[in-house]
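Read through the structure below, which is laid out as C-alpha cells, and then see the notes.
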Amino acid sequence: MSKIDRAKLLDIYTRTMKVNRTDEKFRSLLMQGKVAVMYYCVRGQELVSAAAMAALTDDDYVVCTYRGQGEQTAKGIPPELWWAECLGKVTGTCKGKGGTMHITYPEKGIMVTTGVVGSGLPIATGLGMASQNNGDGKVTLVSFGDGAANIGGFHEAMNMAQLYKLPVVFLCQNNRYGEHTAFADHTSSESISSRAAGYGMRGVLVDGNDVNQVYPAVQEAVDRARAGEGPTLVEAMCYRMMGHFFGADFSYMPKEHLAEMQREDPLPKLRAVMLDHQFSEEELDAVVADIDAEIDAAVAAALAAELPGPEELAIDVFETPLVEAH
Amino acid sequence: MSKIDRAKLLDIYTRTMKVNRTDEKFRSLLMQGKVAVMYYCVRGQELVSAAAMAALTDDDYVVCTYRGQGEQTAKGIPPELWWAECLGKVTGTCKGKGGTMHITYPEKGIMVTTGVVGSGLPIATGLGMASQNNGDGKVTLVSFGDGAANIGGFHEAMNMAQLYKLPVVFLCQNNRYGEHTAFADHTSSESISSRAAGYGMRGVLVDGNDVNQVYPAVQEAVDRARAGEGPTLVEAMCYRMMGHFFGADFSYMPKEHLAEMQREDPLPKLRAVMLDHQFSEEELDAVVADIDAEIDAAVAAALAAELPGPEELAIDVFETPLVEAH
Amino acid sequence: MAEITLAQALNKAIDEAMAEDAGVFCLGEDVSAKQGGGVFKITSGLTEKYGAHRVRATPISETAIVGAAVGAALAGQRPIAEIMLMNFVGVCMDQIVNHAAKLRFMSGGQTNVPLVIRTTTGVGVGFGGQHSDMLEAWFAHVAGIHVVTPSNAADARGLMRAAIDCNDPVIFIENILCYGLKAEDPGPGYRVPLGKAAVARVGSDISLITYGRTVIDALAVADELAKEGISVEVIDLRTIAPYDEATVLASVRKTGLAITLHEAVRPFGTGAELAANIQEKCWDSLKGPVRRIGGTFSPVPFATVLEQAWIPNKGQIIGQIKAALGKG
Amino acid sequence: MAEITLAQALNKAIDEAMAEDAGVFCLGEDVSAKQGGGVFKITSGLTEKYGAHRVRATPISETAIVGAAVGAALAGQRPIAEIMLMNFVGVCMDQIVNHAAKLRFMSGGQTNVPLVIRTTTGVGVGFGGQHSDMLEAWFAHVAGIHVVTPSNAADARGLMRAAIDCNDPVIFIENILCYGLKAEDPGPGYRVPLGKAAVARVGSDISLITYGRTVIDALAVADELAKEGISVEVIDLRTIAPYDEATVLASVRKTGLAITLHEAVRPFGTGAELAANIQEKCWDSLKGPVRRIGGTFSPVPFATVLEQAWIPNKGQIIGQIKAALGKG
Ligand SMILES: Cc1ncc(C[n+]2csc(CCOP(=O)(O)OP(=O)(O)O)c2C)c(N)n1
Ligand SMILES: Cc1ncc(C[n+]2csc(CCOP(=O)(O)OP(=O)(O)O)c2C)c(N)n1
Ligand SMILES: [Mg+2]
Ligand SMILES: [Mg+2]
C-alpha cells in the first residue's frame, strides 16, 4: 500500500488521465488531418506532470516547456481555452498568438511556456525571488528535460536559487532523449540529479513511472521550498514513447529499448495502484469518460471558434498598441 | 623534501619570479603615472600560473583571462612583445590592438586571452577537439577564476569536454573574489572542484600556495589529458592580494582576511622550498636580477616603440582589408 | 537646486522608486553594500535603506540575472537588473529578446515584463574590443522592448524614473564617460517620458540627430559652427526605440538636411533606420541626402591613439555638416 | 546534370569540402548518423564517410558548440557548427560576436577563425514567436563576420563551399521553407564568391533588392508586373554583409528607384542600411525615396492566419512598386 491517501491518489489519477486523454485526442486529430500544428507528445510522461501538479496549490507558479501539455492540463487550464490556443483561435488562452509552445495562463499559475531549451529555469528562479521578496508563500516549479540540463542557464539558475535559498522546485523529466540524441550521448554524468551536490542543493532521483516515488518526492520538495528551506532538484526517470514531436522521425530510437520502456508504462502501473486502493474499475472508467466528454466538447468549441483578426499584430507588442511600426 | 626534481623546481621558481617581477614592475609604473592602462594584478597567484605553465610544453595551448599575466609570462611570451602590447605599441604581440585584456601569442601557445568571464572554457574545449581530431598530441589548459565557475559556459564546456574525453585541463584559480564579490556570496557550493563529479569528471582541489601541491596536480592532469584519459578540473586555492584591477577600490576586502592570506603568501613559501633543495640565496637572487634586467630592457623598448598608425583600423577586421566601410 | 552628476541622478531615481514601491528591487553583480554598491556606485546606499533582498548581489551569471528579473517581473515586481557592461548581453540575449520582449505578445497580453536592464559601455576608456561596444541597434530591431539612453544628468534622473514606471522591458544604456556629467538636479519625482526626443538646440540649417555621449559633441559643434553662421539643430533622441518620429521628421522638414551621429559602428546602425525613414518621409523637404556618422567598422582597438581615431570626432561632424551645406 | 534540392546542395557542398580537407568537420545538435544526420538531414551520410570525430553530435549547449568551433578554428581546423534554429543564437551571441568576429583583429592578425555557423529559420512554418526570427541585421552590424544566405539550390551549393573556404567566420542562414527548392545541380567544386550579389532578373524601371526566401516572391512579382509592362530588376544579395555595394548601386543608378525587401522586421533591419546607403550614394539618380518592405513589427504569431498576415506578401510588394512608379 502506498503512503498517499485515497483522495490524493484519485486526484493524481484524474490529472494523469486528463493529460493522457488530451494527448491521445491531439494525436488522433493530427493523424486524421483535422488539425495541423506542432505538438510535442507526452505519452509516457503523464504521471510525472500530474503528480507534480498535484503537489502544488492553484496559486503556485509553474514554468514549463513546449512539451508542457502535462503541466498545463494537470495544473488546471480550462480545456476549452487550452484547445483553442493550440488551434490558433482568438478564444485561446493567448488569443492564438502564443500557440502550442507558448501556452500561458496566470490564473492557474502557468506563467511561462518556453520553446527555448533551458530558458525556463532562470525565469523560475525569478518567480521564486519575487515570492521570497514579497513573502506570498508561493512555490515555483519548473519542468524541463534531460537535454536542458546541459545548457548554461540550468547551471546559473541552480547556483543562484541555492545561493538565495529560493522556493523553487527544479523538476527534470528525464525521458532519455533530447530531440534525437540519447541521454548518454549528451550528458557526461550518470544522472542529472547528481549535479545538485555541485550547488550544495538537495537532489532526488525517482522512478517517474511510480506514483509512490514521484508524488512524495515532489511534495517534499514543495513543502521544503514553502518552509524556506530552499530549492530541490528532482529528477524523474521516464520515457518519451513517441518521436520528438508528432510526425517527427523516430527511427533513431532502438525498438528493443522502446519495448522495454513500454513495459514500464506508468498508466497500467497507476491503475494497479488505484485498484489496490479499492477504487473499482467502473469508478476509474467513469473518471476517464467524464474527461473524454469534457475534451470532446472543448475540441468542438475550439474548432468552431473565431480566428484572431489582423489587428492583433499591433496589440500586446508594447503596452500601448503600435499605431504604425515606423 | 618534495617530489619535484631540482631542475623542475628551478624552472618553476624562475617562471614564478618572472610573473612576480612583471607584476611589481607594472604596478610601479602605474603608481608613478608612467603608464595609464587597465592592469589586473596577479599578486598572490604567481605560483599557480607558473607551476601550471611548467607542466606544459611550448606547443601546448593556453586560454587565459584579463588576469592572465601569469600564464602569458610563464608560458614564455618575450617580454618586449608583451610590454609593447600592454603599452599599446605597434611592436606588441597584437600591434597594440588587443591590449592587456587580449594578449595573444600563438608561437608560445597563448591562443586567446578573453575579457568576457567564462568564455575561455568553451574555446579551450574546441582547441582540445582540434587536437583530438588531428592527433597532434597537444594539451589545452584554460585558466579562469572562481567567479567564472558560475557562468553557463563553464557548465557547457565541462559536460562537453568530458563527453568527448578531450585533452583539456580546466584550471580554476580560486582567489576568493569575483570582482567585488566574495566566494561565499557568489557560489552555493563549498568548492568549485566538487562540481566535477556532476560531469563524471576528475576534480582536484589543491593549495595554490604550495608548489608541491599545485605542480604535481597540474602535471598529472596534463599527463592524463595527453594519454587520452580526458579532462580534469583542478582548483587551486589562492588569494587576490590586490583590488580587482590596479587602482580599483578594495575596501570591501576584510583587512583581517587579507592579513591572514598574506601569511600564506606563495613566494616566501616557494623560496623556503628552494633553500631546502640546496639552492643558495645568491643563486635565487641572481635569477631575479636577470629577470629584472630583462624586464627593464623590455619596458624601455616598449616605451620607446612606435604607436600603431590609423591604417591599422582597416586591417585584420576581415582577411581582406576593408576599403571602405560602407 | 543643487547640481548632481549623472551617476548620482541614476542613484536618486532608483532610490526614490524603491522608496515609493516595495516591488522595485535591484539585482546584478557587485550591486549591494557588501561590494561597495556596484562598480560604478550606481546602487550605493540602497542596501542600507532597503535590505539585502531588494539589492541582490548576484553571481557572474547574466542569463540568470536577466532570467530571474523576467520571472520576478512576471510576478508583478519591478526589477532593475544590471549587466555590468553592454558587451555581456552576448551571454543573455535569449532572455532579453526571446523572453522579456515577447512574453506580453505571446501570452496574448496576460502577462507583461516591467523590467529595466541597466547597462553601461562607451568607447574612450581603454577597455578594448570586448568592453566598449554600443549595441543599441540589436535591441531596436526587436519588437517589444524600449531602448533608452540619457545624455545628461537631468534626463538620466527623469528617464530612469520613467523606465521603472514602464510596464514593458526597457534597456537603459549608460555611458561610462558620462557618469561624471553634472546638471541642475531636477528634483524628486522628475520624469522624462519614454519615446520623446529633446530638441537639445534649436537651429535652422541642418538637423543633427544623435543620443547619449555624442550629444555633447553635437552641441559643441553647433556652438562652434554658430560662430561661422551655421545654425545646427541638435536632436537628442533619449529613447532610441521606438523613437520619437514626429520630432525627428518635424526638424528635418524644417531644416531640409539631416545627419545622424552615434558611437556605434555605422553599418547597419541606428543611423541607418533614421536615414532610411527620413528620406522616405521627408523626401520632398530634403535638399540633399541624409548623411551618417558612426564609429569605425572594426572592433574597438586598445591603443589610445587608435581608439581615438575610431570614435567619430568633432572634425568629422563639422566636415559632414559643411559638406551637406555645400560649404565643404 | 540532375536536379538537387537546396538541402541536398548543402549536404553535397559539405561532403565535398570534408573529402578534400581533413580539417573540415561538423558539430551541432543531432548532426551525426546516430540521430539521423540532423533534424533537417543536412549532415546525413557524413558520419558514415568521415567518422564520429568529424560529425560530432553535441549536447544542447550552443555556447559550447560555437565556443568549441571557435577554438578548433583557431587551431587551424574548419568547423561547421550548426545552431538548430536562428533564435537560439540568443544564448551564444558572446562567442559569435565577442570572439569569432573579433579575434583576428584583437590578435593583430596572429589568429583567425575560419568558421561557418549554419542556422535555419523562417516565418510560415507555424513555429511561433521563439523559432522564426530573421536576425541577420544583428550580425551585419558586427565587424569581422560575413552574413550569407542562399535563395536557391545552386547558390546554396556554391555559397556553402565559399563559406567553408573563407578564412573569416561566416553566418550561413538557411530558410526552412527553402530546403525543398530544386535547381540544376551546378556540380562539384562549384563556388559562389562571398560578397557578390546576383542580378536575379534584369529590369529597368525599379530595383528590388532582397535575399533568401523573399527572392522567390520578388521574382514572381517581377514576372507578374512584366505583363503590365513594368520592368523590375531583382537583386539577390546572397551575401548580406559586407554586401556587394557596387552591384546594388549600379542597379539603382540605372533604374532610379529602389525597394528593399526582407522577412525580418522592418525597423532597424538590413533594409535600413541599404536604403540609407542608396539614398546617400545615388542621390542624384533617385527619382523618389527608397522604400522598404519587411515583416510586421511584432513577435511572430502562432495562428496561421496571423502568421500569414505578418509576412511581407506579394500584394504589398506590388503595391509598393506601383506607388514608387506613381502608378498606385
Ligand atoms: C537553446 C535551444 N537549443 C535547441 C533547441 C531545439 N530543441 C528543441 S527541443 C530539443 C530537445 C530538448 O530535450 P529535453 O530537454 O530532454 O526535453 P524533451 O524534448 O525531451 O522534453 C531541442 C534540441 C531549442 N529549442 N533551444
Ligand atoms: C560575462 C561577464 N560578466 C561580467 C564581467 C565583469 N567582470 C570582469 S572580471 C569579473 C570578476 C571575475 O571573477 P573571477 O572569475 O573569480 O576571476 P578573477 O578576476 O578573480 O581572476 C567580472 C564580474 C565580465 N567580464 N564578463
Ligand atoms: Mg528529454
Ligand atoms: Mg576570482
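Letters A, B, ... are given to chains in the order of the sequence lines, protein chains preceding strands, and every chain is numbered from 1.
Heavy atoms of Q110(C) lying under 4.5 Å from chain A belong to its backbone as well as its side chain. For A57(C), the part lying near chain A is the backbone, with the side chain staying farther off; criterion is any non-hydrogen pair under 4.5 Å. Contacts of V112(A) with chain C are made by side-chain atoms alone, with heavy-atom separations under 4.5 Å and no backbone atom involved. Within the 4.5 angstrom heavy-atom criterion, only side-chain atoms of L27(C), from C-beta onward, approach chain A. With a 4.5 angstrom heavy-atom cutoff, N134(A) touches chain C via backbone and side-chain atoms both. Residue contact with chain A, scored on non-hydrogen atoms closer than 4.5 Å, is absent for E280(C). Neither the backbone nor the side chain of A124(A) comes within less than 4.5 Å of any heavy atom of chain C. Proximity to chain A (any heavy atom under 4.5 Å) is restricted, for L103(C), to the side chain, taken from C-beta onward. If you measure heavy-atom distances from N112(C) to chain A, you find no contacts under 4.5 Å at all. E312(A) touches chain C through its backbone: at least one of N, CA, C or O sits under 4.5 Å from a heavy atom, while the side chain does not. Contacts of I315(A) with chain C are made by backbone atoms alone, with heavy-atom separations under 4.5 Å and no side-chain atom involved.
Contact residues of residues 57-67 of chain A toward chain C are Y61(A) (heavy-atom distance under 4.5 Å).
Interface remark: of the candidates P106(A), G96(A), A157(A), P106(A) forms the most heavy-atom pairs closer than 4.5 Å to chain C. Counting heavy-atom pairs closer than 4.5 Å to chain A, the top-ranked of the candidates N98(C), I145(C), V70(C) is I145(C). Note on H146(C), Q77(C), K102(C): by heavy-atom pairs under 4.5 Å with chain A, the leading option is Q77(C). For the set M160(A), K138(A), M101(A), the entry with the most heavy-atom pairs within less than 4.5 Å of chain C is M160(A). Contact count against chain A (heavy-atom pairs under 4.5 Å) is highest for A72(C) among A72(C), G51(C), G23(C), A52(C). Most heavy-atom pairs under 4.5 Å with chain C: of the set V90(A), V116(A), T113(A), L313(A), this distinction falls to V116(A). Interface remark: of the candidates N133(A), T104(A), V317(A), N133(A) forms the most heavy-atom pairs closer than 4.5 Å to chain C. Of the listed residues (H155(A), Q132(A), K95(A)), the greatest number of heavy-atom pairs within a distance under 4.5 Å of chain C belongs to Q132(A). Per-residue heavy-atom pair counts under 4.5 Å with chain A were compared for A69(C), G109(C), G144(C), P169(C), and the maximum is reached by G144(C). For chain A, the option among A101(C), A276(C), A64(C) with the highest count of heavy-atom pairs below 4.5 Å is A64(C).
The side-chain heavy atoms of M84(C) and D30(C), taken from C-beta on, include a pair separated by under 4.5 Å. Counting heavy atoms from C-beta outward, F105(C) and H102(A) have side chains that stay 4.5 Å or more apart. For the pair N277(C)/E245(C), a side-chain contact is recorded, criterion being any heavy-atom separation below 4.5 Å from C-beta on. A heavy-atom distance below 4.5 Å is found between the side chains of F26(A) and W83(A). Side-chain contact between M160(C) and I14(C) is present, with at least one heavy-atom pair separated by less than 4.5 Å.
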Worked verdict on T260(C) versus T270(C) for side chain to side chain contact (heavy atoms under 4.5 Å, CB included):
CA-CA 9 Å; T260(C) 68; T270(C) 60; over 6 Å; no
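Figure legend: cation-pi geometry between R238(C) and Y211(C) absent, as NZ or CZ is not positioned both under 6.0 Å from the six-membered ring centre and within 45° of its axis.
Looking at Q35(C) and S32(C), their side chains do bring a donor and an acceptor atom within 3.5 Å of each other. A side-chain donor-acceptor contact under 3.5 Å links Q69(A) and Y39(A). The closest side-chain donor-acceptor pair between T58(C) and E29(C), if any, does not fall under 3.5 angstrom.
Within a 6.0 Å sphere centred on CD of E311(A), heavy atoms belonging to other residues, nucleotides or ligands number more than 12.
A side-chain donor-acceptor contact under 3.5 Å links D168(C) to the backbone of E319(A). Within the 3.5 Å criterion, the main-chain N or O of K108(A) finds a donor-acceptor partner in the side chain of K75(A). Looking only at distances, no side-chain donor or acceptor of D244(C) sits under 3.5 Å from a matching main-chain atom of K196(C). T91(A) contributes no side-chain N or O that, together with a main-chain N or O of A305(A), makes up a donor-acceptor pair within less than 3.5 Å. Judged purely by atom type and a 3.5 angstrom limit, E235(A) uses its side chain to pair as donor or acceptor with the backbone of I192(A).
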